[in-house]
Amino acid sequence: MSLKLFNSLTREKEEFKPLEEGKVKFYSCGQTIYDDLHVGNARAYIFWDTLRRYLEFKGHNVRHVQNITDVGHLTDDGDQGEDKVEKRANKLGIEPMELVEDQIERYFEDTKAVNVERQDIVPRATGHIHEMIEYVKKIIENGYGYEIDGNVYFDVEKFAEDYPYGEMANKDLEQLKEEAQARVEHDDRKRNQYDFALWINADESHLMKWSSPWSEGYPGWHLECSVMSQKYLGDEFDIHAGGKDHIFPHHPNERAQCFAATGKGQANYWLHNEFITVEGEKMSKSKGNFYTVRNLIEEGYSGDAIRMYVISSHYRSETDFSKDGLEQAEKELSAIRSTVQKIRKSDGNDLDLNESPEDIRDGFESYMDNDLHTARAKQFLMEKVRLLSSALSGGDSVKDEYADVLVELFGVLGVNMESDVSKTESEMADTLVELRERFRENEDWETSDYIRDRLSELGFEIEDREDGAVWYR
Ligand code: AMP
Ligand code: ZN
């Protein structure tokens, strides 16, 4: 079975073929580190993590690089406005790097909470200023960049004579030119308003700046991803991913810089996730309509439930955030986990389910092969959980392989289905269940009910089956 992915470059689902058989080189645009992760950001990282897990499930060896932006991302996402990191650091009265240190730690805690595995390489922009300066020199040497007043700009018109530009956004040059003209703040130093900054001359008040052949300054936002992706994955690699907002200008500009410096256009497959919205509006820090992962966890939602909620929709469909959705995800989680535990305890083989665990694996794969359709894959698995659960309630015993396949496939979606009960807790629960059985044999209903109720308060439910009582959490 072959994986198809929707490529924003061609706007088609294409069969995925890595440049080198069995090896996938994958770059995704990461977080600008100035505030906590919200569910919208988490959606992006959850999907790229799911894609990596799925590629590995299909036998590929994946190198995943996801950057951290700690300089150069301005508040208007273009060449104007304040640096997002500096702005927040100023507000808090601390050094930008103090803020970054603190936020990076929180970022790793939050992504870990939703089971996003740390990527193989997590390069930081400030650690690659030297490479960025060398890269800008190459772009100028090749005739696609020009310097004015210590700023260096990318010459879009010149570039477009030699390479494609704007095809990801499905816009021609004229259209892009008009749109840039219509923007409020003009920069008269640019040859054309759609030119963008590669290097920016820092003013006096700017804290994060480095010396360069052009000025004491800092890199334009798009530069870091061109430089770091090619440094760690080579001039050409397989997949480049990011949020929908990167379809223009971030990704076309990254790609243009790569062509301009190396003659190679970075990745073959460009993937973009849709937004999580709140009452129809994009969840974002600037709008203030966001829910951070950290706050949701403090409110009592589990990281697994946030993950489950996010993968319950396809990454290319817009999803409106709701806490009801999270509650639903919590319910599904406990239904699946208890089914898994019941299967492990039933440990038999008299269930006559039409599908073998292998069939379930194939079914899952057919949904995921369709542009990583996690929503349908999850629905498919939930049907199996319902079937297995009703078989168990009907007294059937089910072989362990069904529990194994559920744990494995939900694991590919990044949701942990193994019970979080420790060995000691498990043995204590076993002992209490045995004790309860003895009280029941002696018809001491009061004590046996007391044990059941206390266990229930601790999250352990007892089910009385023909072959004896079992507990599950
Ligand atoms: P930012 O912190 O704005 O640089 O965003 C980091 C990543 O999260 C980018 O890939 C964005 O495209 C993505 N992102 C931001 N907001 C949302 C949202 N509401 N829904 C989905 N992805 C988002
Ligand atoms: Zn990027």
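When a ligand or atom number is given, it counts from 1 through the structure's own listing order. Owing to the predicted nature of the structure, the values given are computational and were not obtained by experimental measurement.
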### Task
Identify the residue among T69, N67, I68 that makes a side-chain contact (heavy atoms from CB on, under 4.5 Å) with T32.
T69
#### Entry: Polar contact flag for R43 and ligand 1 (N/O pairs, less than 3.5 Å)
no
### Per-residue contact class, D245 against ligand 1 - non-hydrogen pairs under 4.0 Å
side chain
### Message
Please report whether ligand 1 has a polar contact with N273, defined as an N or O pair separated by less than 3.5 Å (distance criterion only).
### Response
yes
### Query
Which word best sums up how the rings of W221 and H73 line up, parallel for under 30°, tilted for 30 to 60°, or perpendicular for over 60°?
parallel
### Message
Please classify the H73 to ligand 1 contact at 4.0 Å (heavy-atom distances, strictly less than): side chain, backbone, both or neither.
### Response
side chain
### Query
Does the ring centre of H38 sit less than 6.0 Å away from the ring centre of Y291?
no
#### Entry: Any N/O pair I276/ligand 1 closer than 3.5 Å
yes
### Task
State whether the shortest distance between N or O atoms of G242 and N or O atoms of ligand 1 falls below 3.5 angstrom.
no
### Query
Are the charged groups of R52 and D49 less than 4.0 angstrom apart, N to O?
yes
### Query
Between H373 and Y367, is the gap from one ring center to the other below 6.0 Å?
no
### Message
For ligand 1, which is the ligand I care about here, please tell me if G40 has any N or O atom under 3.5 Å from one of the ligand's N or O atoms.
### Response
yes
### Message
Determine whether the aromatic ring centres of residues F196 and H222 are separated by less than 6.0 angstrom.
### Response
yes
### Query
Should the ring pair Y144 and F159 be called parallel, tilted or perpendicular, given that the plane angle runs from 0 to 90° and is split at 30 and 60?
perpendicular
#### Entry: Neighbouring protein N, O or S atoms of the Zn ion (ligand 2) [cut-off: under 2.8 Å, no waters]
C29 SG, C225 SG, H250 NE2, E254 OE2
### Pairs meeting criterion side-chain hydrogen bond (donor to acceptor under 3.5 Å, both in side chains) with involvement of residues 377-387, two or more places apart
S312-K378, E332-K378, E355-K384
### Query
Relative to ligand 1, is T277 under 4.0 angstrom through side chain, backbone, both or neither, heavy atoms considered?
neither
### Message
Between ligand 1 and G243, is the shortest N or O to N or O distance under 3.5 Å?
### Response
yes
## Note on the structure
Test ring pair (Phe, Tyr, Trp, His ring centres under 6.0 Å), reference F16, set Y269, Y54, F6, output is Y269
### Message
For the residue pair Y301 / E327, report whether a side-chain donor-acceptor contact shorter than 3.5 Å exists.
### Response
yes
